Each structure stands twice: as C-alpha cells, then as structure tokens.
Amino acid sequence: MKVLFFDCFSGISGDMVLGAFIDLGIDPAYLQAELEKLNLSGFRIEAEATMKKGISGTCCHVRLDPDHHHHRHFDDIKAIIEKSTLAADIKATALAIFMRVAVAEAKVHNVPVDHVHFHEVGALDSIVDIVGAAICYHTLKPDIVYGSKINVGSGWVRCAHGLLPVPAPATTEILCESNFEIYSNAIDGESATPTGVAILAELATYSPTTPSFIPEKTGYGFGKKDFGILNALRIIQGRRSESNLAMVVETNVDDMTGEMAGYVLELLLQNDALDAFYTPVYMKKNRPGIHLTVLCTEAKLPQIEEIILKETSTIGLRKYPVERTCMHRQFKKIATPLGEITVKISQHGKITRTTPEYEDVKKMALASGKSLWEILEMVEKLK
Ligand SMILES: O=C([S-])c1cc(C(=O)S)c[n+]([C@@H]2O[C@H](COP(=O)(O)O)[C@@H](O)[C@H]2O)c1
Ligand code: NI
C-alpha cells in the first residue's frame with residue numbers, strides 16, 4: 001500500500017507542491033507535456049534542483065508569458081479543464097481543487113461562485129499549479145495521502161486587495177471547510193496560500209501526528225520566500241504492509257445450553273477474535289442448533305481453535321483463509337461543551353467517515369442525563 005505524507009512544517013503553496021512532486025521523481029518534461037493537453041499557451045514549467053539551508057530539493061517556477069492577458073472567471077476555468085484532453089480522473093481532481101478555491105473566494109468577496117474572478121497572471125499560475133498537482137497525484141497513484149498540521153505563518157500579506165491578515169481570508173475559508181489543524185511558528189509572513197491549502201484539503205486526510213508507515217523517499221519543494229527557516233514542503237513517500245488475510249473458523253452445534261453459548265462467544269472476543277457470532281440453523285433430525293463463525297488472524301488460530309474445542313460441545317471445526325478490505329482507522333479527541341469525546345476517522349481512498357466512539361457517547365449521556373440522541377446530535381455538529 002503506497003502512502004504519501006505531506007509534511008507542512010513551513011506551510012504549503014502550489015509551487016511547493018509541484019516542486020516536492022518533481023523532487024520525488026515526477027519528470028518535469030512529462031508534467032509539461034500533460035499540461036499542454038489544456039490547450040493553453042504562455043506558460044512553461046522550470047524545475048530547478050537547488051540547495052536551501054543545506055538541504056537539496058526542487059524549486060518549481062511556473063514561467064508565464066508576459067503578454068498573455070486573459071481575465072478568467074471560474075466558469076471559464078471549468079470549461080478549459082472540461083474541454084482538455086486530460087484523463088477524466090485528473091480533470092475531476094483539478095475541478096474539485098479549483099472548486100474549493102472558488103467557493104472560498106465567493107464567500108469572502110460575496111459573489112456567485114461562477115463569477116469568482118481570477119486575475120490574468122494568477123489564473124494561469126493557479127491552473128498550472130492545480131492541474132499539475134492533479135497530474136502528479138494520479139501519476140503516483142498513492143493508496144492514501146496524509147497531511148500534517150499546517151504552519152500558516154503570521155502577520156500580513158500584500159496582494160491585489162492590499163494588505164491582508166495571515167492566513168489570508170480565502171485560505172482561512174478553505175481551511176474552515178477542511179479538518180486540518182493550523183498553527184504559526186517561526187514565520188513572519190504568508191506560508192500557506194489558498195492554492196496550496198486547497199490542494200492539500202482535496203488530496204490528503206489530516207493526520208495530527210506522523211502516520212505509521214515505512215518511509216522510502218522524500219521530496220522537498222521549496223517556497224520562494226525567505227523566512228529564515230527552511231521554507232519547503234516535504235512529501236515523504238512510503239509503504240504500509242497491511243495484511244488483509246484472515247482466517248474463518250466455523251462449527252455447528254445442537255447440544256449446548258444458551259448459557260454455554262453466551263460464555264464461549266465472550267471468551268472468543270476476549271481472546272482477540274476479530275469477530276465472533278452465531279447464526280440459528282436447523283441441523284440433522286430437525287434439531288434447532290447454532291452455527292458459530294469466528295474471524296481471527298492466522299497467528300491467533302491455535303488459541304481460537306482450542307477455545308472452541310474445549311468450551312463448546314463440538315467434536316470438529318472447519319477453517320479457511322479469507323481476504324479482507326479494511327478501512328484505515330485513526331482516533332482523535334474533540335472538545336465538546338460536555339467534555340472531550342473520541343471520534344473514529346475511517347478512511348478508504350476518497351471515502352472518509354467520522355463517527356463518535358459509542359462507549360464515550362454512553363458515558364457522556366449517563367453523566368449528563370441527556371439522551372444518546374442528544375449527544376450524537378451535538379457531536380455531529382462539531383466533527
Ligand atoms: O486574488 C485574490 S482575489 C486573492 C484573494 C485572497 C484572499 O484571501 S481573498 C488572497 N490572495 C493572495 O494571492 C496570493 C496568491 O495565492 P495563490 O494561492 O494563487 O498562490 C496569495 O498571497 C494569496 O493570499 C489573492
Ligand atoms: Ni480574494
């Protein structure tokens with residue numbers, strides 16, 4: 001399973017994303033050729049292998065033709081991407097990233113999304129950064145992408161609107177629609193831009209701590225500004241070996257008491273069965289009986305077999321290997337007016353589901369006198 005981890009210790013911008021992907025091994029000539037499928041002229045990708053603060057990495061420059069003048073609204077950009085000859089998955093990812101920027105700008109400037117205006121230079125630069133990031137992502141084909149907390153910087157940034165507070169209003173709106181944690185450390189200026197944050201929010205799942213995986217290589221994409229500290233996005237590529245093989249153990253019994261049946265199931269689950277359950281069946285001589293199914297790892301099989309043979313009335317069992325598809329799970333604590341509660345974030349590709357842990361919900365309901373429904377509703381609004 002291929003893992004990418006975006007380490008945003010000095011923020012993230014569109015150029016930094018392209019630089020880090022190129023440093024990880026994406027060929028800039030391939031990237032340029034793919035971008036030409038947009039049928040736009042007036043830009044060139046230049047990847048400069050360089051050193052910053054003693055670290056070697058890549059600085060990606062999107063060189064723009066100075067006499068290229070187009071005022072573009074979001075609906076023009078949508079049309080350019082849709083009409084291009086890029087692969088369908090690249091188009092979909094690029095449009096989703098652009099949509100995050102457009103929705104944020106629309107909210108900040110109080111205009112309809114389709115009318116969000118990208119000034120001429122920024123429009124082409126954003127198209128190259130965003131479509132480029134989508135090309136790199138679909139070329140590397142990671143099974144999962146994680147992103148760290150984002151160091152957004154501090155102070156003020158000068159742009160077309162004049163001086164804006166950091167993080168810039170559009171960046172902040174994009175962040176409000178994601179669950180990434182932000183902070184500011186050792187940077188006076190803007191280190192996270194709307195384009196960078198939109199790419200991260202679309203491609204990555206937030207991981208408050210470094211996710212567990214085996215690192216294999218790193219790519220450093222440098223930012224243009226000098227903050228005094230290393231201004232780079234680091235993408236760490238690695239792998240995670242997740243055994244998806246398990247064992248199923250089964251048996252049918254018709255001569256056990258209900259009390260014994262309950263006892264065995266509890267014992268199996270206490271002894272690391274991944275799952276254990278009964279199905280009612282009719283057996284030989286029309287006797288009502290129970291079909292026991294246990295799921296366990298191969299390592300636990302001897303222990304599970306022993307419990308079944310020792311504690312049930314069976315004189316034999318069946319076992320066979322099965323393949324499982326498991327969502328990646330991580331846990332995080334969120335603050336509520338009634339105290340902290342643990343939520344489980346289940347992730348598989350682009351599917352993400354956040355659910356409160358039942359035992360915490362139960363405790364909170366009992367302690368507060370509120371119903372389970374009220375606690376679940378409160379958490380739903382906060383997660
Ligand atoms: O051009 C516009 S409308 C604009 C809006 C905002 C707001 O926060 S609103 C911010 N900016 C700044 O422009 C640069 C470029 O950002 P990219 O993401 O396109 O690289 C950056 O400093 C933004 O904060 C522009
Ligand atoms: Ni703006």
Side-chain angles (χ1 to χ4, degrees), residues 6 8 10-21 35 40 42-43 45-46 59-64 68-77 80-81 94-134 147 150-178 180 182 184 187-204 221-227 231-233:
F6 281 52
C8 307
S10 56
I12 184 164
S13 70
D15 286 355
M16 287 158 86
V17 172
L18 292 189
F21 272 131
L35 285 164
L40 290 176
F43 71 90
I45 293 277
E46 204 178 284
C59 198
C60 181
H61 306 272
V62 178
R63 304 285 187 210
L64 302 174
H68 194 88
H69 286 279
H70 280 295
H71 288 263
R72 292 196 173 105
H73 291 105
F74 179 51
D75 50 3
D76 302 321
I77 293 174
I80 291 168
I81 295 172
L95 285 169
I97 299 170
F98 249 115
M99 182 59 102
R100 286 179 187 262
V101 181
V103 166
E105 288 281 357
K107 178 141 192 235
V108 173
H109 303 302
N110 196 22
V111 293
V113 171
D114 280 347
H115 292 163
V116 165
H117 178 258
F118 292 84
H119 57 90
E120 62 272 34
V121 176
L124 189 52
D125 191 51
S126 302
I127 293 171
V128 172
D129 286 347
I130 289 173
V131 178
I150 312 165
N151 188 355
V152 291
S154 64
W156 297 83
V157 59
R158 185 169 294 284
C159 68
H161 305 289
L163 276 180
L164 291 179
V166 169
T171 312
T172 311
E173 288 305 327
I174 298 167
L175 287 164
C176 288
E177 295 303 316
S178 78
F180 278 80
I182 61 170
S184 175
I187 293 175
D188 180 13
E190 182 193 46
S191 49
T193 66
T195 303
V197 165
I199 294 170
L200 185 73
E202 186 56 34
L203 301 186
F222 295 128
K224 308 281 183 313
K225 297 172 197 157
D226 183 1
F227 295 130
N231 181 14
L233 167 71

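Read the numbers this way: they start at 1 and go in the same order the structure lists the ligands and their atoms. Being a predicted model, the structure only gives us computed values, none of them experimental.
- F74 and F98 have tilted rings, their planes meeting at an angle from 30° to 60° on a 0 to 90° scale.
- Without hydrogens or angle criteria, K224 side chain to C60 main chain gives a donor-acceptor distance under 3.5 Å.
- The atoms of ligand 1 that sit less than 4.0 Å from any heavy atom of T195 are 17 (P), 18 (O), 19 (O), 20 (O).
- Heavy-atom separations between H109 and ligand 1 include at least one value shorter than 4.0 Å.
- In the vicinity of A170, heavy-atom distances shorter than 4.0 Å reach the ligand 1 atoms 7 (C), 8 (O), 9 (S).
- A distance-only check finds no donor-acceptor pair linking the side chain of K225 to the backbone of N231 [under 3.5 Å].
- Between A168 and ligand 1, not a single N/O pair is under 3.5 Å apart.
- F222 is linked by a ring-ring contact (aromatic ring centres under 6.0 Å, His included) to nothing, counting only residues two or more places apart in sequence or in another chain.
- The shell of residues lying under 4.0 angstrom from ligand 1, judged by heavy atoms, includes P169.
- Under a 3.5 Å cut-off, the side chain of S13 and the backbone N or O of A192 do not form any donor-acceptor pair.
- The main-chain N or O of S126 is never found under 3.5 Å from a side-chain atom of T195 such that the two would form a donor-acceptor pair.
- Within the structure, ligand 1 lacks S13 among the residues with a heavy atom less than 4.0 angstrom away.
- By the criterion of a heavy-atom distance under 4.0 Å, the side chain of S126, and not its backbone, is placed next to ligand 1.
- Per-residue contacts place P194 under 4.0 angstrom from the following atoms of ligand 1 (heavy atoms of the residue considered): 16 (O), 18 (O), 23 (C), 24 (O).
- For A198, the side chain to side chain contact (heavy atoms under 4.5 Å, CB included) partners two or more places apart in sequence, or in a different chain, are I97, R100, V101, I174.
- For the pair E190 and ligand 1, the shortest N or O to N or O distance falls below 3.5 Å.
- Taking the six-membered ring for Trp, H161 and H109 have ring centres closer than 6.0 Å.
- Within the 4.0 Å heavy-atom criterion, the part of V108 lying near ligand 1 is the side chain and not the backbone.
- Atoms of ligand 1 found under 4.0 Å from any heavy atom of E105 (numbered from 1 in listed order, with element): 2 (C), 3 (S), 4 (C), 5 (C), 6 (C), 9 (S).
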